[in-house]
Amino acid sequence: MSANGYFITATDTGIGKTVVTAALLTLFRQHGRNAGFIKPIETGVDTHCSSAANSDAKFLLECSGLNEPLEVICPLRLKTPAAPYQAAEVENKEIDPTAIEAACRKLAERYHPLLVEGVGGLRVPITPSYHVIDLIAALGFPVILVAGFQLGTLNHTLLSLDALHARGIPVKGVIFSDRKEEGLTDVEALQPALISHLSKVPVLGRLPFIDDLSTDSFTPEVCAHLEQMINLPALLDG
């Protein structure tokens, strides 16, 4: 399919891709874009008592203000906190990748751009023979890779970029997510420049730490600060 959005994935789980997705979604919409999102798969959520505090899909839905049913923007929700394939095995369910792809394509017809947030990293299994990277390849969206400030991030980020390049998947760039209140060490502060130098992939910026993160966090003041930290024109231009 033609590129009408971005696939947001990360070097691992818990890196901050949901916050990056929420920030970009908010900024795009503030700039007049009809931006939307889909979280095709979510695990570790109880469908009967989830909220924006423990569900990425509900968090993004409340941040965006989109008038979409939860089952449209998150068609597959599993209670077990594990990779989708493992969670489905525990719950005696089967996952149909073609249905997931179809749900993404349907929303891509209505939103420009559509942000697709993955689950975990690239090799997280959705079925035994279909991983997150296979979903990315099938959709054809360029990737925004979210990396964290931590020891090991050079290895994890470069391996992820290598895997994407090996599949011929376009990479728009890397966004670093700062998830620590105490700020960066001297070593961590150098990581974005090193990634850019070693991979020749642009680093699009850094999402700063947001204190007391909630669906109300993206105030005009916070968004103005984010625009100074992220190369938004590169993303708005496609």
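Residues L25 and C63 are not in side-chain contact: their nearest non-hydrogen atoms beyond the backbone lie 4.5 Å or more apart. Residues F141 and I136 fail the side-chain proximity criterion, which asks for heavy atoms closer than 4.5 Å. Using a 4.5 Å heavy-atom cutoff, the side chains of P97 and T127 are in contact. Residues L122 and H131 have side chains not in contact (no heavy-atom distance under 4.5 Å, counting atoms from C-beta outward). R29 is listed as a side-chain neighbour of L66, based on a closest heavy-atom distance under 4.5 Å. Counting only heavy atoms from C-beta outward, the side chains of V222 and S217 never approach each other to under 4.5 Å. By the 4.5 Å heavy-atom criterion applied to side chains, F28 and L115 are counted as neighbours. Side-chain contact between R77 and L70 is present, with heavy atoms from C-beta onward closer than 4.5 Å.
To the nearest 0.5 Å, the span separating CD on E227 from NE2 on H31 amounts to 3.5 Å. Distance check, rounded to the nearest 0.5 Å: CG of L204 to CZ of R206 gives 15.0 Å. Separating the NZ atom in K106 from the CD1 atom in I38 is a distance of 10.5 Å, to the nearest 0.5 Å. Taken from CD1 in I133 to CZ in F7, the straight-line distance is 10.0 Å, to the nearest 0.5 Å. With rounding to the nearest 0.5 angstrom, the CD1 atom of I195 is 4.0 Å from the OG1 atom of T157. Summarising the geometry, atom OG1 belonging to T18 is positioned 9.5 Å from atom CG belonging to L213; distances are rounded to the nearest 0.5 Å.
Considering all non-hydrogen atoms of both residues, L184 and A189 come closest at CD1-CA, 4.1 Å. What you find for E101 and A138 is that their closest heavy atoms are OE2-CB, 3.4 Å. Here the closest heavy-atom approach between residue P192 and residue V203 is recorded as O-CG2, 3.3 Å. Of all non-hydrogen atoms in S177 and V20, the two that sit nearest each other are CB-CG2, 4.4 Å. Minimum interatomic distance between A52 and T215 (heavy atoms only, all atoms of both residues): CB-CG2, 4.0 Å. The two atoms that bring K39 and V119 nearest to each other are NZ-CA, 4.4 Å, heavy atoms only.
No side-chain donor-acceptor contact under 3.5 Å links H112 and N34. Side chain to side chain, E42 and S55 meet the donor-acceptor criterion of an N or O pair below 3.5 Å.
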ask   = Hey, mind stepping through I100 and L135 against side chain to side chain contact (heavy atoms under 4.5 Å, CB included) and telling me if it holds?
value = CA-CA 8 Å; I100 296 169; L135 175 59; 4.1 Å; yes

task = Quick one: do V201 and L145 satisfy side chain to side chain contact (heavy atoms under 4.5 Å, CB included)? Show the steps, please.
result = CA-CA 10 Å; V201 170; L145 179 66; over 6 Å; no

Derivation of the side chain to side chain contact (heavy atoms under 4.5 Å, CB included) call for M229 and L207 = CA-CA 7 Å; M229 304 289 287; L207 186 79; over 6 Å; no

message = Go through it in stages, so that I can follow the logic: the residues are L61 and F37, the test is side chain to side chain contact (heavy atoms under 4.5 Å, CB included), and I'd like the CA-CA distance, side-chain angles, deciding distance and then a yes or no.
response = CA-CA 8 Å; L61 195 58; F37 81 95; 4.2 Å; yes

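For K180, the NZ atom counts as densely surrounded, since its 6.0 Å shell holds more than 12 non-hydrogen atoms of other residues, nucleotides or ligands. Summarising the local packing, CG of D237 is surrounded by more than 12 heavy atoms from other residues, nucleotides or ligands at distances under 6.0 Å. Enclosure of atom CZ in R167 by more than 12 non-hydrogen atoms of other residues, nucleotides or ligands within 6.0 angstrom is indicated. For Q86, the CD atom is loosely surrounded, since the number of other residues' heavy atoms within 6.0 Å does not exceed 12.
When the salt bridge (Lys or Arg N to Asp or Glu O under 4.0 Å) test is applied to E71, no partner is found at least two apart in sequence or on another chain. Applying the salt bridge (Lys or Arg N to Asp or Glu O under 4.0 Å) criterion to E91, with sequence neighbours excluded, gives K93. Taking the ring pair (Phe, Tyr, Trp, His ring centres under 6.0 Å) definition, one finds that Y85 meets it with nothing, sequence neighbours left out.
Between the side chain of Q191 and the main chain of L154, no donor-acceptor pair closer than 3.5 Å is present. When atom types are taken as modelled, the side chain of Y6 and the backbone of K172 share no donor-acceptor pair closer than 3.5 angstrom. Under a 3.5 Å cut-off, the side chain of N54 and the backbone N or O of S51 do form a donor-acceptor pair.
Both L198 and V171 belong to a single network of hydrophobic side chains, linked directly or stepwise wherever heavy atoms of I, L, V, M, F, W or Y lie under 4.5 Å apart.
Using the six-membered ring where Trp is involved, F149 and F176 have ring planes that are tilted, between 30° and 60° apart.
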